[in-house]
2 protein chains.
Amino acid sequence: MTRITADDIARMANVSRSTISRVVNDYPNVPEETRRRVMEIIQKTGYVPHQQARNLAGVQSRILLLFINNNNDYYADKIAGSTFFGPLTALLIDSANRRGYDIIVTQSSAPHSWERTRHLLFGRVASGAVFVGVANKDPRVRPFYPLPTVILDHKPMKGDPNGPVPSAVNFDNRGGMEWAVRHVLEKNCRKIAYITGNLGIYSGRERLTGFRQAMKRLDGAPLLEELIIQGDFSEQSGYIGAKALMETHQPDAVISGDDECAIGVLRALEELKVSVPGEVSVVGFDDIELSRYVKPSLSTISAPKRDIADKAVERLVDLVEGRQVQSSSIVIPTAFIPRES
Amino acid sequence: MTRITADDIARMANVSRSTISRVVNDYPNVPEETRRRVMEIIQKTGYVPHQQARNLAGVQSRILLLFINNNNDYYADKIAGSTFFGPLTALLIDSANRRGYDIIVTQSSAPHSWERTRHLLFGRVASGAVFVGVANKDPRVRPFYPLPTVILDHKPMKGDPNGPVPSAVNFDNRGGMEWAVRHVLEKNCRKIAYITGNLGIYSGRERLTGFRQAMKRLDGAPLLEELIIQGDFSEQSGYIGAKALMETHQPDAVISGDDECAIGVLRALEELKVSVPGEVSVVGFDDIELSRYVKPSLSTISAPKRDIADKAVERLVDLVEGRQVQSSSIVIPTAFIPRES
DNA sequence: CTGTTAGCGCGTTCAT
DNA sequence: ATGAACGCGCTAACAG
């Protein structure tokens, strides 16, 4: 099955290949009659221009790369199965598609993933990339900064975003935490505990910082460092953390680094027959699907995945298409979602 | 930033561009000394061959397409957020990566998704595709059959798999259902109910057929059509179905089209204070993560996603690389996973 | 309005 | 062993 090319179409339509190109690319200067005739032949033959060839000839590839840095202790299915990364991936793809771009997805757990990324990016198959879960100073990403690059969930870098500085897209983690603290204060909680997320991750650190700052700024209850327990965003860490907290300090509020953790907290409290929100208020972060269905339903901070995905892709496309952008940092607002807990 | 090309490297190394090509593609007839010198320059300059150009010159693209047909009533984040499709997607990507292929992911909910697919496939950016959630006689897929094509979860088509017939990869749904029926029979259940999955989907139909066949073949209890209720794979449908069943026929076993549905069944039974497995045995299908954690934990049929993903990609790669394959149908074994329910 | 021509960057004979 | 030259399929600048 030898491919049918623009030359074939040209021959069939008794015009030159240039005219075919003009029709295909919607050039104005081609008579209606000719255009119609050519289009008809294209339809009938099912001709599709060879993308690689047009790319070579200067057309942008309209392919983006999504690189997900899953730590090696994650199985591949955990990542898209994750209540957060899975939907996020889908939304990024969706946003890109809506803009006429396609997305190649790669995970760092795959063999040679970084080398493959080099080939994809420098080899011009993808014209830009969004990285999630990587540190912006990671020496493996830095080489890509001259290309259109967006980093999700990492500290913004100073510098001209139109130059070799990646754009950072983040939730307003600190602002979100302030909502959480404000909420438990309004419920008259005084012994407010915090179970952190993974502090190796930017949002994990930011949320902790946000918690501390809010406690100080709102000044409605003492900030007790012994009530801050380290977790890792997992349900398990929430469960364990809550058990430990209840045994030692009996807080009247537990704020968690994310919803999964908070759900672990709820499970622990249920086992301990501690009433929520009667004796202890619980607040999560992310507003994952499940948080609506647990009992009691989880009060949380919304981290709208669709927004972050859309902004990330929008920025990347701006960069790819050479539009000037203002700042290297994009912040997605968060909001408090009051529920039973 | 004008790209550095093979010509540049050639100039720097004082050889011709052909030699660069030979080095890059590991040709034997290049003196060690020259090879070393060239490699060094390549390293130093960070030169990466232009993929599009090499593709044009005849090299395969090593890019595959994953097309997910989510019905339009699904939101994009539901799909990857789905307990089944999300992980499946990740595993497909992973399998492809391990074989040195990259994957472009698209969803039918995106605008122009089918047209884009045409451009990707016929435009030679991807050299093969796996479709999930599409009917094999769908007129929109059929044009792609001459290309390397794999369909997940749909009835195999007759014909030469090396020709214009897609390869179908499926779980052994009927066999799995036989395990389920055997299990409840061994528990001496006599009034066995079945809540179907979405019958618009192949596996939904197959599992129902498997249930009926197993009931007849094992012949341990009557096959009561009134105990077969239509569901749609959702937790909701299991919940509603179970409530209805308990009100009317009080079965002593409920087998579901999938785990989510079964989890809905568990929720209904808990509300009705019906003991599981004391009064009613419950069996799911898929062995999703959650089934291990619900109370009581869910007995189910494993549908190993990693296996199906791996086989699908393996077959697709075989097709892309022109290897002869035997059958157009690949069946992934299932197994019974006994748990509390 | 339309055809001719020159690349795009690389793989691959074919000579040398 | 190595360079020159052609072609992959298409876009775009240039001439008519």
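Since the model is a prediction, treat every value here as computed from it, not as a measurement. Order of the sequence lines fixes the chain letters, A, B, ..., with proteins taken first and strands second; residue numbering starts at 1 for each chain. Atom set for the values below is all heavy atoms of this structure, side chains included, hydrogens, waters and symmetry mates excluded.
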Choose from [options] the nucleotide whose nearest atom is closest to any side-chain atom of [X].
X: A/Ala53; options: D/dC10, D/dC8, C/dT2; value: D/dC10
X: A/Ala57; options: D/dC6, D/dC10, C/dT4; value: D/dC10
X: A/Arg54; options: D/dC6, D/dT11, C/dG9; value: D/dT11
X: A/Asn29; options: C/dT2, D/dG3, D/dC10; value: C/dT2
X: A/Val59; options: C/dC10, D/dT11, D/dC8; value: D/dT11
X: A/Leu56; options: C/dG7, C/dG9, C/dC10; value: C/dG9
X: A/Thr19; options: D/dT2, C/dT2, C/dG7; value: C/dT2
X: A/Pro31; options: C/dT2, D/dT11, C/dG9; value: C/dT2

Between [X] ([atom1]) and [N] ([atom2]), how many Å, whole number?
X: A/Asp8; N: D/dG9; atom1: CG; atom2: P; answer: 9 Å
X: A/Gln51; N: D/dC8; atom1: CD; atom2: P; answer: 19 Å
X: A/His50; N: C/dC8; atom1: NE2; atom2: C1'; answer: 14 Å
X: A/Gln52; N: D/dT11; atom1: CD; atom2: P; answer: 13 Å
X: A/Ile20; N: C/dC1; atom1: CD1; atom2: P; answer: 17 Å
X: A/Arg124; N: C/dG9; atom1: CZ; atom2: P; answer: 8 Å
X: B/His119; N: D/dG9; atom1: NE2; atom2: C1'; answer: 14 Å
X: B/Asp26; N: C/dT12; atom1: CG; atom2: C1'; answer: 16 Å

query: Would you say D/dG9 has OP1 or OP2 under 4.0 Å from some side-chain N or O of A/Tyr47?
result: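 No, because none of the side-chain N or O atoms of A/Tyr47 sits under 4.0 Å from OP1 or OP2 of D/dG9.
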
- request: Report yes if a side-chain nitrogen or oxygen of A/Tyr27 is closer than 4.0 Å to either non-bridging phosphate oxygen (OP1 or OP2) of D/dT11; otherwise report no.
  value: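 No, outside the criterion.
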
message: Taking A/Arg36 first and then A/Glu32, would you say they form a salt bridge - that is, a charged N and a carboxylate O separated by under 4.0 Å?
response: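 Salt bridge flag = no for A/Glu32 with A/Arg36.
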
message: Tell me whether B/Asp318 is salt-bridged to B/Arg315, with the criterion being a basic N under 4.0 Å from an acidic carboxylate O.
response: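 B/Arg315 and B/Asp318: not salt-bridged.
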
query: Between the base of C/dG11 and the side chain of B/Arg17, is there a donor-acceptor distance below 3.5 Å?
result: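 Side chain to base: pair present.
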
- prompt: For the side chain of B/Arg22 and the base of D/dG3, is some donor closer than 3.5 Å to an acceptor across the two?
  reply: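 Side chain to base: pair present.
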
- prompt: If you count the non-hydrogen atoms of other residues, nucleotides and ligands that lie under 6.0 Å from CD in A/Glu33, is the total more than 12?
  reply: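 It does: A/Glu33 CD has more than 12 such atoms within range.
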
query: Should we say atom CE of A/Met157 is surrounded by more than 12 heavy atoms from elsewhere, each under 6.0 Å from it?
result: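 Correct, the count exceeds 12.
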
By the 4.0 Å heavy-atom rule, please label [X] as base, sugar-phosphate, or nothing.
X: B/Ser21; answer: base
X: A/Ser18; answer: base
X: B/Asn55; answer: nothing

message: For a quick test of reading the model, state the closest non-hydrogen atom pair linking B/Ala312 to B/Val169 and the distance between them.
response: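 Taking every non-hydrogen atom into account, CA-CG2, 4.0 Å.
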
- prompt: Which comes earlier along DNA chain D counting from the 5' end, the contact point of B/Thr34 or that of A/Val24, where each point is its nearest nucleotide?
  reply: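 Result of the comparison: B/Thr34.
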
field: Reference residue B/Glu314; test salt bridge (Lys or Arg N to Asp or Glu O under 4.0 Å); the match among B/Arg99, B/Arg323, B/Arg306
entry: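 Only one of B/Arg99, B/Arg323, B/Arg306 forms a salt bridge (Lys or Arg N to Asp or Glu O under 4.0 Å) with B/Glu314, namely B/Arg99.
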
